[in-house]
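Structure first, then comments.
In this text the structure is predicted, and so the values were computed from the model without any measurement.
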Amino acid sequence: MPSKKTDAPKQSEAAGTQTPDRANTNAKLQSLEADRSDATGHALRTNQGVRIADNQNTLKAGDRGPSLLEDFIMREKITHFDHERIPERIVHARGTGAHGFFQSYGNHAELTKAGFLQDPEKITPVFVRFSTVQGPRGSGDTVRDVRGFAVKFYTDEGNFDLVGNNMPVFFIQDAIKFPDFVHAVKPEPHNEIPTGGSAHDTFWDFVSLVPESAHMVMWAMSDRAIPRSLRMMEGFGVHTFRLINAEGVASFVKFHWKPKQGVHSLLWDEAQKLAGKDTDFQRRDLCEAIETGDYPEWELGVQIVPEADEHTFDFDLLDPTKLIPEELVPVTPLGKMVLNRNPDNFFAEVEQVAFCPGHIVPGIDFTNDPLLQGRLFSYTDTQLSRLGGPNFHQIPINRPVAPNHNNQRDALHQHVVHKGRASYEPNSIDGGWPKETPPAAQDGGFESYQERVDAYKIRQRSESFGDHFSQARLFFQSMSPTEQQHIIKAYSFELGKVEREAIRAREVNEILANIDLKLAAAVAANLGLPAPKAGTVQVKGSKLAESPALSQMNHPGVVGIKGRKIAVLLANGVDAASVDRLVKALEAHSARPMLLGPTSAPVKAADGKQLPVDASMEGMPSIMFDGIVVPAGKASTDALAASGLAKHFVLEGYKHLKALVLTKELATGLGLKEDKGLLLGDDQKTVDAFVKAVEGHRVWEREAAAEAVPA
């Protein structure tokens, strides 16, 4: 018989009142709720409770002037943002790096007094870190994202950090908006999804409300956001900088890195599969290339604009959402960078390296680009949390090759035992040392460029920053038809992941329609939305109808297939002579042929010879290779034709537009027809045609036919 305690409900509960226990529980829940914040209906304020009137613009000296240190709103916002992830980087957390050197092509003294650009015999050590932006350290290499491209030059005059991306523009114009942009593109805060990608509501909500992002989003939806290799992507300084010569004459410059191996990308299907099958694909690719002596190489160049020509363009040089078309200002080569050594310890070097746009040397200086101005503060501020205090410059990977004597002592993680009794300047106790170096002296000290500033303190964007669509339109219209289709598919895929139809419609009608109506209509059709009939703003005309330099198709790189990975598919009964002939022919071109079998066990050739394989077809799928070769041998071909794994391997390579050498029997059995990159046989003529097809990176003419092939 149940006890009285459970036999009936308590009278107070039955009557709708609370017992003391229930009241205590609810009180605790209300106490927890008091710590939760809902901003709905509330004014935007600082952490000290001050209402914010302008959250779009940093306080500047004039609308095109430098940002001011007294801007407590910008500093509070960015300081909080800088310290949100400890010890992981907030952005660019997923990265890899390598050591190398830079060598100038000649003496560029007419352009700059920077010593590393004046002596072609001087070898300047460098360390480069490549990264993705959105994802954490454990995310995939091949997600659709911007890639960081940061170079630390260890010059005789101090460290110079050129901290850029693989795209020449950015999403925002003013640094005060950087925390907003990153919060929007990061995984959504309620569920920490998605990892490493931008296909979600908060990102598209932000960019559809911020038209200045339109140009950069176009780049992010292009093939530039899924590079084939870190060795095959351009790098850009993004901002406009100044170079200054010994006479004090300054020029505006944009920095460019041009890869020797050309600019190439993955296909979207490849990128998605690689993110699951080989999360470290690009990290591994860079490491293996260096280990095998296929050293990546880039050319450093600058677009030079004399100060007198600052206002001659139909855009503002200080606007980081704009580029200078190379047809208007060609890139002048300055020197080359070669990466020839992998890190010895990933954490000590790649994770602890600290970059900052403010690390410059005499002969290089800043402009009033409001995004750059904020970065000068933000990067150093971030390192204070990540690397445990202000002495991060003493970590070996950050240590300059030039001496760095000053009176900055003590603090966390101090590794130097400073001698002398004077930790101030000027002093007489230690003979006045260390002393200032006048800028006019031999090896003179750093001197900031003297730019006149006479303006009101103001939170305002210059009217010259108001055009948000003309360069986005120029970019889209400069793409090949293939690249344009990839952009349409990228927008359709990303916006298809957005749950709120209002956001999708806003992006199509208020952003894409102002860029290109055909683009907007194609994306709208894929989303089931009506096609917009007109844009919402009058778009400024451009001096150029298109810029061929913007298309990857026009950057094939050096001729040859050095370092390209070629899969050689084998099964029992393969013709050993055919294998040997094909491998030697590929190695003669410095390619990297790899023998793949049904399993990792050796394959028995038709003559009874055992052929060791490098991996199984399952362990190294086709997406990891640049081309596929199938040697002769009837028994081997029959076995491959009967293997679902092998058939998928070949069909997937075909679908991804890769060069193929097949036997006639296998091609016929798979229903594949010869084309520019699908070749039959194993003789020298076939190999030569195969090499030519691999040089082209993809067999683009096949794309329409490949879409109908299952894989």
Presence of salt bridge, Lys77 and Asp180, under 4.0 angstrom:
yes

Check: Thr380 side chain, Phe377 main-chain N or O, donor-acceptor pair, under 3.5 Å
no

Can Lys655 and Asp269 be counted as an ion pair, charged N to O under 4.0 angstrom?
no

Measure the OG1-CZ distance between Thr96 and Arg284 for me, rounded to the nearest 0.5 Å.
11.0 Å

What about the rings of His359 and Phe160, do their centers lie closer together than 6.0 Å?
no

Could you tell me the separation between the CG atom of Asn345 and the CD atom of Gln352, rounded to the nearest 0.5 Å?
8.5 Å

Basic-acidic side-chain contact under 4.0 Å: Glu270, Arg228
no

Assess the residue pair His200 and Lys497 against the criterion (side chain to side chain contact (heavy atoms under 4.5 Å, CB included)); give the C-alpha distance rounded to whole Å, side-chain angles, the decisive distance to 0.1 Å, and a yes or no.
CA-CA 6 Å; His200 57 100; Lys497 297 285 188 178; over 6 Å; no

Counting distance only, does the side-chain N/O of Trp298 pair as donor-acceptor with the main-chain N or O of Met233 below 3.5 Å?
yes

Sidechain-backbone polar pair: Thr240 side chain, Val253 backbone, donor-acceptor under 3.5 Å:
no

Looking at CD of Gln383 and OG of Ser378, how far apart are the two atoms once the value is rounded to the nearest 0.5 Å?
9.5 Å

Decide whether Thr202 and Asp205 meet the rule of one side-chain donor and one side-chain acceptor closer than 3.5 Å.
no

Run through Val523, Leu527, Leu209, Val207 and flag the one making a side chain to side chain contact (heavy atoms under 4.5 Å, CB included) with Glu507.
Val207

Indicate yes or no for a side-chain donor-acceptor contact from Arg94 to the backbone of Gly138 under 3.5 Å, with no hydrogens or angles considered.
no

Phe130 and Phe149 aromatic centres sub-6.0 Å:
yes

Provide the full list of ring-ring contact (aromatic ring centres under 6.0 Å, His included) pairs with a residue in residues 483-509, sequence neighbours left out, each pair given once.
Trp204-Tyr491, Trp268-Phe493, His486-Trp700

Just checking, is any N or O donor in the side chain of Glu84 or His183 under 3.5 Å from an acceptor N or O on the other one?
yes

How about Glu483 and Ser551: does a side-chain donor come under 3.5 Å of a side-chain acceptor?
yes

Which residue pairs pass the side-chain hydrogen bond (donor to acceptor under 3.5 Å, both in side chains) test with at least one member in residues 130-140, sequence neighbours excluded?
His92-Ser131

Pairing donors with acceptors under 3.5 angstrom, does anything connect the side chains of Gln173 and Arg461?
yes

Will you find, in the side chains of Asp381 and His83, an N or O donor that is under 3.5 Å from an N or O acceptor?
yes

Passes side chain to side chain contact (heavy atoms under 4.5 Å, CB included), Lys457 versus Glu70? Steps please.
CA-CA 10 Å; Lys457 293 190 296 185; Glu70 70 177 74; 3.1 Å; yes

Less than 3.5 Å apart, any donor N or O on the side chain of Ser462 or Ser464 sitting next to an acceptor on the other?
yes

Partner of Glu349 under side chain to side chain contact (heavy atoms under 4.5 Å, CB included), picked from Asn398, Ile397, Asn342, is Ile397

Consider only side-chain N and O atoms of Asn514 and Thr536, and report whether a donor and an acceptor are under 3.5 Å apart.
yes

Have Asp71 and Thr58 got a donor and an acceptor in their side chains that come within less than 3.5 Å?
no

Is it the case that over 12 heavy atoms from other parts of the model lie below 6.0 angstrom from the CZ atom of Arg500?
no

Go through Asp223 and Ser265 one step at a time and tell me if the side chain to side chain donor-acceptor pair (under 3.5 Å) criterion holds.
CA-CA 6 Å; Asp223 292 342; Ser265 292; 5.3 Å; no

Given side chain to side chain contact (heavy atoms under 4.5 Å, CB included), test Trp257 with Asn166 step by step and report yes or no.
CA-CA 9 Å; Trp257 291 108; Asn166 73 324; over 6 Å; no

Lys/Arg-Asp/Glu bridge criterion (N-O < 4.0 Å) met for Arg473, Asp516
no

Quick one: pull up CE in Met218 and CG in Leu512 and give me the separation to the nearest 0.5 Å.
6.5 Å

Any donor and acceptor pair, going by atom type alone, linking the side chain of Arg698 with main-chain N or O of His656 inside 3.5 Å?
yes

Would Ser547 and Glu326 satisfy side chain to side chain donor-acceptor pair (under 3.5 Å), going step by step from the backbone distance to the final call?
CA-CA 8 Å; Ser547 171; Glu326 293 183 33; over 6 Å; no

Distance-minimising heavy-atom pair for Leu376 and Phe366:
CD2-CE2, 3.6 Å

What heavy-atom pair brings Val238 and Pro320 nearest, and what distance separates the two atoms?
CG1-O, 4.2 Å

May I ask you to decide if Ser229's main-chain N or O and Asp285's side chain share a donor-acceptor pair within less than 3.5 Å?
no

Using 30° and 60° as the class limits, which term best fits the ring planes of Phe236 and Trp219: parallel, tilted or perpendicular?
perpendicular

Can a donor-acceptor pair be found between the side chains of Ser198 and Glu494 at a distance below 3.5 Å?
yes

Main-chain N/O of Val163 paired to Arg375 side chain as donor or acceptor, under 3.5 Å
yes

Taking all non-hydrogen atoms of both residues into account, name the closest pair between Val508 and Ala520 and its distance.
CG1-O, 3.8 Å

When you compare the side chains of Gln282 and Thr142, does any donor N or O come within less than 3.5 Å of an acceptor on the partner?
no

Run the side chain to side chain donor-acceptor pair (under 3.5 Å) check on Glu212 and Thr321 step by step: do they pass?
CA-CA 7 Å; Glu212 68 199 61; Thr321 68; over 6 Å; no

Check whether more than 12 heavy atoms from other residues, nucleotides or ligands sit under 6.0 Å from atom CD of Glu501, and answer yes or no.
no

With a cut-off of under 6.0 Å to the ring centre and 45° to the axis, is Lys254 in cation-pi contact with Phe241?
no

Just say parallel, tilted or perpendicular for the rings of Phe181 and Phe178, cut-offs at 30° and 60°.
tilted

Interatomic distance, His393 atom NE2 to Leu387 atom CG [nearest 0.5 angstrom]
12.0 Å

Is a side-chain donor-acceptor pair under 3.5 Å present for Gln303 with His256?
yes

Tell me whether Asp54 contacts the main-chain N or O of Gln56 through its side chain, where contact means a donor paired with an acceptor under 3.5 Å.
yes

Within the side chain of His80, is there an N or O that forms a donor-acceptor pair under 3.5 Å with the backbone of Glu76?
no

Grab the two heavy atoms, one from Ala524 and one from Pro532, that are nearest each other, plus how far apart they are.
CB-CD, 4.4 Å

Sort out for me which residue in Asp316, Asp369, Asp174 forms a salt bridge (charged side-chain N to carboxylate O under 4.0 Å, His left out) with Arg64.
Asp316

Does Lys540 NZ have over 12 foreign heavy atoms under 6.0 Å away?
yes

Distance alone, cut at 3.5 Å: any donor-acceptor contact between the side chains of Asn57 and Lys177?
no

Spacing of Leu372 atom CG and His239 atom NE2 [to the nearest 0.5 Å]:
4.5 Å

